[in-house]
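Right, one structure below, let's go through it.
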Amino acid sequence: MAMDEIVDGMSEVSCDVLVIGGGTAGPMAALKAKLKNPKANVVLLEKANVKRSGAISMGMDGLNNAVIPGYATPEQYTKEITIANDGIVDQKAVYKYAQNCFDIIEELDSFGIRFLKNENGDYAVKKVHHIGTYVLPMPNGETVKKALYRQLRRARILISNRYMATRLLKSSDGRIAGAISVNTRTAEILVIKAKAVILCMGAAGRLGLPTSGYMFGTYENAANSGDGYSMAYHAGAALANLECYQINPLIKDYNGPACAYVAGPFGAFTANNEGSRFIECDYWSGQMMLEFYNELLSGKGPVFLQLKHLHPDTISEIESTLHKVERPTRGLFQQGRGVDYRNDSIEMHISEIGFCSGHSASGVFVDDNARTTVPGLYAAGDMASVPHNYMLGAFTNGSVAGIDAMEFANNHDFAEFDAADVAKERDRVMAPTRREDGIPPNQVEYKTRRLVNDYLQPPKVTRKYELGMRRLAETREDMQERMIARNAHELLRALEVQSIMDCADMAVHASLYREESRWGLYHWRTDFPEKDNENWFCHTLLSKQNGKMTSEKRAVEPYVVPIADDEKDLYDKQRIRATA
Ligand SMILES: Cc1cc2nc3c(=O)[nH]c(=O)nc-3n(C[C@H](O)[C@H](O)[C@H](O)COP(=O)(O)OP(=O)(O)OC[C@H]3O[C@@H](n4cnc5c(N)ncnc54)[C@H](O)[C@@H]3O)c2cc1C
């Protein structure tokens with residue numbers, strides 16, 4: 001058989017809890033579900049291989065948002081994230097995370113993932129945020145995935161690698177009933193009946209096109225093509241604040257983080273071409289990105305991460321973290337360019353857009369139990385709406401989702417789905433394989449993502465968005481009528497493009513709905529340049545209603561932790577003012 005030849009087959013299995021996405025949140029959700037009811041069947045479905053999949057595949061330098069007793073309180077953290085996200089936060093979920101995350105750190109520590117400690121044996125947390133101290137380095141962060149995998153094996157979680165989920169199944173009364181997936185090497189279809197489903201498919205990271213020109217050189221793990229967002233949408237779940245894009249300050253051409261979080265506590269800083277600081281704080285927020293953007297346009301660009309003023313020993317210490325733990329490719333990249341941090345500053349730029357709650361706030365709407373608006377359907381990690389979640393949020397909320405989903409499964413039997421839904425999905429999935437000739441998926445993808453860059457990258461201009469919507473609709477027609485897949489691998493790509501297209505449409509719809517500017521560069525609408533708290537101090541929820549994309553407002557839940565008037569705009573004051 002030729003490689004990845006298409007096999008026409010279909011089978012069905014069932015389980016109590018199905019977790020889709022085995023990156024960060026997924027393994028923790030599966031583990032906690034299984035520990036909650038060891039007799040139950042838990043399936044962890046992954047598009048790639050759980051051993052090395054997702055945003056933390058190679059490892060991670062540290063926890064960006066650790067709430068450690070003695071350094072910070074859950075109240076302080078909740079306040080910081082509320083302010084960083086311009087007040088549009090349902091605090092209950094953030095507060096619950098802040099209360100639970102320390103236990104998760106200790107649990108990860110017991111798995112063998114070590115965190116930086118000082119000479120007294122206490123966690124050595126660093127200050128990066130505007131107000132509080134939350135960054136905890138992980139000197140052996142390259143072991144994260146391995147340590148997690150050991151736990152999954154021990155708990156006897158059923159792992160299905162190389163299955164890409166494509167659609168969710170529901171019963172006629174709206175309850176979750178399972179999911180449909182496709183084998184990425186054979187194109188065989190696997191239907192999984194489940195009492196509860198947890199979506200952990202990460203950010204929508206392949207939305208914009210990186211300026212490096214590499215389609216897969218995205219900031220996010222490139223397997224995260226927004227399938228989770230698309231599936232939740234088609235299942236009728238609500239998605240929150242999608243107009244609050246993710247845009248990051250990155251190393252130019254490498255398109256990975258410069259890691260001011262790692263280097264900053266040692267004395268490195270973000271500087272303009274004159275070597276001057278221009279932002280108060282390196283913590284990523286929309287306001288910080290706007291200052292970055294303004295600096296680039298001011299003629300004082302490029303912007304750099306500067307560390308050449310530091311002692312050579314300090315630089316070596318930074319290098320050993322940045323080049324060995326999270327991203328070994330980074331060292332190779334700098335070497336290839338001949339950049340030595342002792343003499344050279346690191347050129348940075350602005351990333352492509354994406355959806356992500358991990359660094360921003362755009363995700364499938366969930367409450368503080370990780371429940372979506374569809375009964376029995378959960379979401380956790382970068383694709384769920386709890387803002388500024390990062391890795392520890394994925395672990396902590398994955399844990400919350402796993403426990404609650406197993407409780408749901410304990411109390412419900414399988415919901416019945418309509419066999420016609422499976423047949424319909426099979427037709428959609430296989431359509432590109434049934435054509436003799438047409439456009440390969442990579443061309444449709446390139447075109448779609450180029451349109452995203454041309455029309456959707458902020459600043460957001462209404463006229464551009466309207467044109468973008470039309471161009472995307474034309475490309476969608478090409479995709480639906482003419483895209484071909486000649487083997488199982490191309491079929492995977494063809495399915496991914498369909499998720500990307502859905503995400504692009506949702507980005508347009510959500511952005512046009514919110515008629516104000518908020519979250520700095522993330523949602524800067526030139527036709528509505530001011531923040532309008534009177535009309536828009538609210539979430540926006542996007543969902544499919546009667547087959548149509550619809551947006552509505554949702555009030556921000558009353559705060560658990562009050563924010564004083566003089567604290568509300570602390571994150572707006574990012575720019576360093578010249579003082580005489
Ligand atoms: C470059 C980079 C650096 C970062 N640095 C830090 C840091 O230093 N500290 C920190 O706290 N956080 C950091 N983060 C954020 C953190 O890594 C993420 O918030 C977290 O890992 C997200 O977890 P997740 O489970 O939501 O997604 P992921 O871990 O990305 O997992 C998603 C999984 O879903 C799978 N999947 C996708 N679609 C499908 C499908 N259709 N079917 C089946 N499976 C599917 C993917 O293959 C993947 O394995 C960083 C992120 C990036 C990208």
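Numbers for residues simply follow the sequence, beginning at 1. Counting starts at 1 for both ligands and their atoms, in listed order. Owing to the predicted nature of the structure, the values given are computational and were not obtained by experimental measurement.
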key: Interfacing atoms of ligand 1 (cut-off 4.0 Å, heavy-atom, A55)   = 17 (O), 21 (O), 28 (P), 29 (O), 30 (O)

ask   = Would you call E352 and R449 a salt bridge, using N to O less than 4.0 angstrom?
value = no

inquiry  = Looking at K193, I'd like to know if its NZ atom is crowded, meaning that more than 12 non-hydrogen atoms belonging to other residues, nucleotides or ligands lie closer than 6.0 Å.
reply    = yes

remark   = Nearest non-hydrogen protein atom to atom 36 (N) of ligand 1, with distance, is M201 CG, 3.9 Å

task = Kindly say whether G23 contributes a backbone atom to a donor-acceptor pair with the side chain of K145 at under 3.5 angstrom?
result = yes

key: Under 4.0 Å to a heavy atom of A394 - the qualifying atoms of ligand 1, by number   = 23 (O)

key: Winner among Y229, Y219, Y134, Y390 once heavy atoms are compared against atom 52 (C) of ligand 1   = Y219

request  = Considering only NZ, NE, NH1 and NH2 on the basic side and carboxylate oxygens on the acidic side, decide whether E445 and R493 come within less than 4.0 Å.
outcome  = no

remark   = re atom 5 (N) of ligand 1, the protein heavy-atom contact at minimum distance is M60 SD, 3.3 Å

inquiry  = Starting from atom 9 (N) of ligand 1, what is the nearest protein heavy atom, named by residue and atom, and what distance separates them?
reply    = G62 O, 2.7 Å

inquiry  = Which residue and atom name correspond to the protein heavy atom nearest atom 3 (C) of ligand 1, and how close is it?
reply    = E326 OE2, 3.2 Å

request  = Compute whether any side-chain donor of one residue and acceptor of the other, for D404 and Y378, lie under 3.5 angstrom apart.
outcome  = yes

Selected option - heavy-atom contact closest to atom 21 (O) of ligand 1, from N397, L199, T24 = T24

query = With no hydrogens and no angle check, do the side chains of Q91 and T82 hold a donor and an acceptor under 3.5 Å apart?
reply = yes

N65-Y77 side chain donor-acceptor pair, cut-off 3.5 Å = yes

query = Are any of the N or O atoms of D382 closer than 3.5 Å to those of ligand 1?
reply = yes

note = atom 47 (O) of ligand 1 has as its nearest protein heavy atom E46 OE2, 2.6 Å

request  = Number the atoms of ligand 1 from 1 as they appear, then name those within less than 4.0 Å of a heavy atom of I56, with their elements.
outcome  = 17 (O), 21 (O)

Selected option - heavy-atom contact closest to atom 11 (O) of ligand 1, from T218, N224, N64 = N64

ask   = Between the side chains of E319 and Q334, does any donor sit under 3.5 Å from an acceptor?
value = no

query = Does the side chain of T329 come under 3.5 Å of the side chain of Y254 through a donor N or O and an acceptor N or O?
reply = yes

Nearest-neighbour protein heavy atom for atom 16 (C) of ligand 1, which is reported as residue plus atom name and distance = M391 N, 3.6 Å

query = Are D282 and K127 ion-paired here, with the side-chain N under 4.0 Å from a carboxylate O?
reply = no

ask   = Does ligand 1 have a heavy atom under 4.0 Å from the side chain of P257, from its backbone, from both, or from neither?
value = side chain

request  = Give the residue, atom name and distance (to 0.1 Å) of the protein heavy atom nearest atom 38 (N) of ligand 1.
outcome  = D227 OD2, 3.3 Å

note = side-chain hydrogen bond (donor to acceptor under 3.5 Å, both in side chains) test vs K96 passes for just one of N397, N369, D367, namely N369

message = Could you tell me, atom by atom, which parts of ligand 1 come under 4.0 Å of a heavy atom of M164?
response = 41 (N), 42 (N)

inquiry  = Between Y134 and H388, is the ring centroid distance below 6.0 Å?
reply    = no

Nearest candidate to atom 34 (O) of ligand 1, where distance is taken over non-hydrogen atoms, out of G381, G54, G21 = G21

ask   = In the protein, which heavy atom is nearest to atom 15 (C) of ligand 1, and how far is it?
value = H359 CE1, 3.8 Å

task = Look at atom 43 (C) of ligand 1 and find which of K47, M138, R327 reaches it with the closest heavy atom.
result = K47

key: Test of proximity, A165 against ligand 1: N or O pairs below 3.5 Å   = yes

task = Step through the shown structure and confirm whether more than 12 heavy atoms of other residues, nucleotides or ligands are within 6.0 Å of NZ on K544.
result = yes

ask   = Quick one: does Y163 get within less than 4.0 Å of ligand 1, heavy atoms only?
value = yes

